[in-house]
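Chain naming here is simple, since letters A, B, ... match the order of the sequence lines and numbering starts at 1 in each. Quick caveat: nothing in here was measured; it's all calculated off a predicted structure.
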Amino acid sequence: MADFGSNPILTLLEVRADGQLAKSAAGMLGAAAQIGSPVALLVSDAEGVAEQAASLGAQQVLVAEPGAELTVPVVDALAAAFELVQPDAVLVSNSVDGRDVGGRFSARAGLPIAVDAVGLSRDEEGVVVHHSVFGGAFNVDSAATFGPLVVTLREGAVDARAEAAPAQSQQLTVTPSGARAATIESFEAEVAASSRPELRGAAKVVSGGRGLGSAEKFELVEQLADVLGAAVGASRAAVDAGYVPHSYQVGQTGVSVSPQLYVALGISGAIQHKAGMQTAKTIVAINKDADAPIFEIADFGVVGDLFTVVPQLIAALEARKA
Amino acid sequence: MKIVVLVKEVPDTYGDRRLDLETGIVDRAASDAVLDEIGERSLEVALSYADGHPDTEIVLLSMGPESAQASIRRGLAMGASSAVQVVDEALLGADLGLTSEVLAAALQHTGFDLVIAGNESTDGSGGVIPAMLAERLGVPQLTALASVEITDASVSGRRVLDDGVATVSASLPAVISITESLPDARMANIKGIMAAKKKPYEVLSLADLGVVAEREDAPRSIMIAVSERPPRGAGVKIVDEGDAGEQLAEFLVQNRLA
């Protein structure tokens, strides 16, 4: 039997529809390594994924055959891996799929679940989970009263990376639970639209709001983002107005970001928007309304017309690069 | 068709929300309490199905303090048939495991063909309850649906993921959760508000459901520390006099951000 090290942390790595590792893998293993020995579970039949997981820090890799149905086959694999590894904690991504797997597994195994973690540590009693609550207004630590727990980790929240490990993998034998599951009728992969960084976990974010005025003019946000190498976000008002898809939304009901730089263009700074970005290191805002609440939290605020200020900013930044 | 809609009273996101720094529990006195918007949208999914299928029964299910009744009654005014609220002192600070156990027991009590929940609440932002309920109840779950189609025997919809869009389906009974891509809820009118007062409103305790909150053999998730982040102060604010773009570029370069 394989040695899973002291304090094994069973880490479910998400795979995309093509079986390849999702981008969240490096941060998941980095977080696991901070509290123990990362043991990765991969539900994939793609070539080379176990080696990739090892190169990102998995000390041991368990590989299970994917099933056709939604969620349940992954939960069955996680249950089998849990039995084998007897970990201190089970780590899953706080993504749509990760939360389903984590929720189902915690209910099945009778384990406590801590959600939307932004960090992990240990104290003398065990694993401590760090949370950022109410849009970053409060920091909360949680723990299990006893025994192992399930944690869903916010994507992009942990910067730490684990050291590469020699590839050691084994095939996991999974007994299907027979739990009723939903069917995946079809899947349309999103065309990888751009070379821009993903919003979740981005180091820089440029967001546009209602002040952009139209979907066409929203291009200005993208231009500045490309000059800065930033991801593109939006306020709910801009999403509701149809300028950009919902996946761009930063805020209470969208993506929460904590970048080094957050640039808010034509965003008034409603409290729900602030809930998704106020933990950014540096906030820059351009708005024509001098009383916009965004200025209350901006490190550098410009009261002015973004259609003159932003092109000048882009030109100035490009001149410095040249 | 019997549809149970999960709703929840939360602190209004339009105001400041606070945690009690002693207990770590939501300070309910610090904010206005409202029905969570995503729960209202979930109700709208049920109501629009009922518009075309008059034999639909819509039950609101909520767990929370007695004071939440006024918010839950808003859902009755919008058109739900009845409400079930689980109220018990022992549920103060309940973790997700206990919450899902209580809601699953309540769903077994009400019976259901379809359970509709929001993808995540605005206060806890957990997003795991629908899957936990599905596991406990032995039914399939379809979460994060951006569109929903309900038939007599099945439910299906579009599920938006990071790398694409899946079309998923399940036979009933099932649990689904929806995103805010689905339409906002209809307004309650005076007739609805009057009718709501006469609609069945059942209050259940843990004893009624046969659930024990304090169990030494059940591990729980507990809060062990809570602190408030210091508020952010405002920095420099300039009014554009023709060179604001230049000044901003200088600021970004100075701070190694560009």
Side-chain angles (χ1 to χ4, degrees), chain A residues 16-17 70 95-96 99-100 102-104 106-108 112-116 133-134 136-147 149 179-190 228 246 252-253 261 271-272 278 282 295-304 309 312-313 316-317 320, chain B residues 13-14 17 19 24 95-97 100 122 125-129 131-132 134-136 138-144 156 161-170 180-181 218-229 232 234-240 244-246 248-249 251 253 255 257-258:
Chain A
R16 302 191 312 238
L70 190 60
S95 62
V96 169
R99 291 193 293 202
D100 283 358
R104 265 194 182 259
S106 99
R108 187 182 295 183
I113 183 166
V115 293
D116 199 17
V133 177
F134 285 169
F138 292 85
N139 294 323
V140 170
D141 291 348
S142 75
T145 48
F146 61 88
L149 79 169
R180 283 185 60 214
T183 309
I184 305 166
E185 304 282 349
S186 64
F187 181 79
E188 261 176 75
E190 199 164 274
L228 290 167
H246 183 252
Q252 173 71 52
T253 55
L261 173 66
I271 198 158
Q272 292 94 339
Q278 64 189 352
T282 301
F295 289 125
E296 291 162 18
I297 58 164
D299 299 285
F300 196 102
V302 176
V303 182
V309 177
Q312 189 182 65
L313 170 61
L317 291 173
R320 281 163 199 264
Chain B
T13 59
Y14 280 88
R17 297 175 295 168
L19 291 182
D95 73 350
L96 290 158
S100 65
T122 51
S125 306
V128 292
I129 290 288
M132 294 179 89
E135 180 70 25
R136 289 184 187 280
V139 300
Q141 97 283 346
L142 304 176
T143 57
S156 61
L161 302 164
D162 283 345
D163 59 344
V165 179
T167 302
V168 288
S169 69
E180 63 179 5
S181 300
R220 301 286 186 208
S221 170
I222 52 165
M223 246 183 269
I224 55 174
V226 57
S227 62
E228 190 170 7
R229 270 180 85 100
R232 266 193 107 95
V236 183
K237 182 161 107 178
I238 61 167
V239 177
D240 182 28
E246 294 281 353
L248 183 47
F251 170 83
V253 170
N255 289 281
L257 292 166

Does any non-hydrogen side-chain atom of [Y] lie less than 4.5 Å from one of [X]?
X	Y	value
Met132(B)	Ile113(A)	yes
Phe187(A)	Leu161(B)	yes
Pro140(B)	Arg180(A)	yes

When heavy-atom pairs shorter than 4.5 Å are enumerated against chain A, which of [options] gives the highest number?
options	value
Ser169(B), Gly235(B), Gly138(B), Ala249(B)	Ser169(B)
Val168(B), Val236(B), Asp240(B), Thr167(B)	Thr167(B)
Ser100(B), Ser181(B), Ala134(B), Gly24(B)	Ala134(B)
Ser125(B), Gly127(B), Ser156(B)	Gly127(B)
Val239(B), Val165(B), Leu142(B), Val226(B)	Val165(B)

Structural part of [X] lying under 4.5 Å from a heavy atom of chain B:
X	answer
Ala181(A)	backbone
Leu228(A)	side chain
Glu296(A)	backbone
Ala298(A)	backbone

Task: Region of Glu180(B) that comes under 4.5 Å of a non-hydrogen atom in chain A - done: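 Interface part for Glu180(B): side chain.
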Task: Region of Thr13(B) in contact with chain A, defined by heavy-atom distances below 4.5 Å - done: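 Both parts, backbone and side chain.
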Chain B: which of [options] shares the most heavy-atom pairs with it under 4.5 Å?
options	answer
Arg104(A), Arg16(A), Arg99(A), Gln312(A)	Arg104(A)
Ser142(A), Gly102(A), Ala316(A)	Ser142(A)
Val309(A), Val115(A), Asp299(A), Val133(A)	Asp299(A)
Val140(A), Asn139(A), Val96(A)	Asn139(A)

Open item on the list: Using every non-hydrogen atom in the two residues, find where Thr145(A) and Pro219(B) come nearest and quote the distance to one decimal.
Closed with: OG1-CA, 3.4 Å
- [ ] Please name the pair of heavy atoms, one in Arg136(B) and one in Gly97(B), separated by the smallest distance, quoted to 0.1 Å.
- [x]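 So the two residues come closest at NH2-O, 3.3 Å.
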Task: No-hydrogen, no-angle side-chain donor-acceptor test under 3.5 Å, Arg229(B) and Gln278(A) - done: no
Task: Chi angles and distances behind the side-chain contact (heavy atoms from CB on, under 4.5 Å) call for Asp95(B), Ile222(B) - done: CA-CA 7 Å; Asp95(B) 73 350; Ile222(B) 52 165; over 6 Å; no
Rounded at 0.5 Å granularity, tell me how far [atom1] in [X] sits from [atom2] in [Y].
X	Y	atom1	atom2	answer
Leu257(B)	Phe251(B)	CG	CZ	6.5 Å
Asp141(A)	Ile224(B)	CG	CD1	5.5 Å
Lys237(B)	Phe300(A)	NZ	CZ	12.5 Å

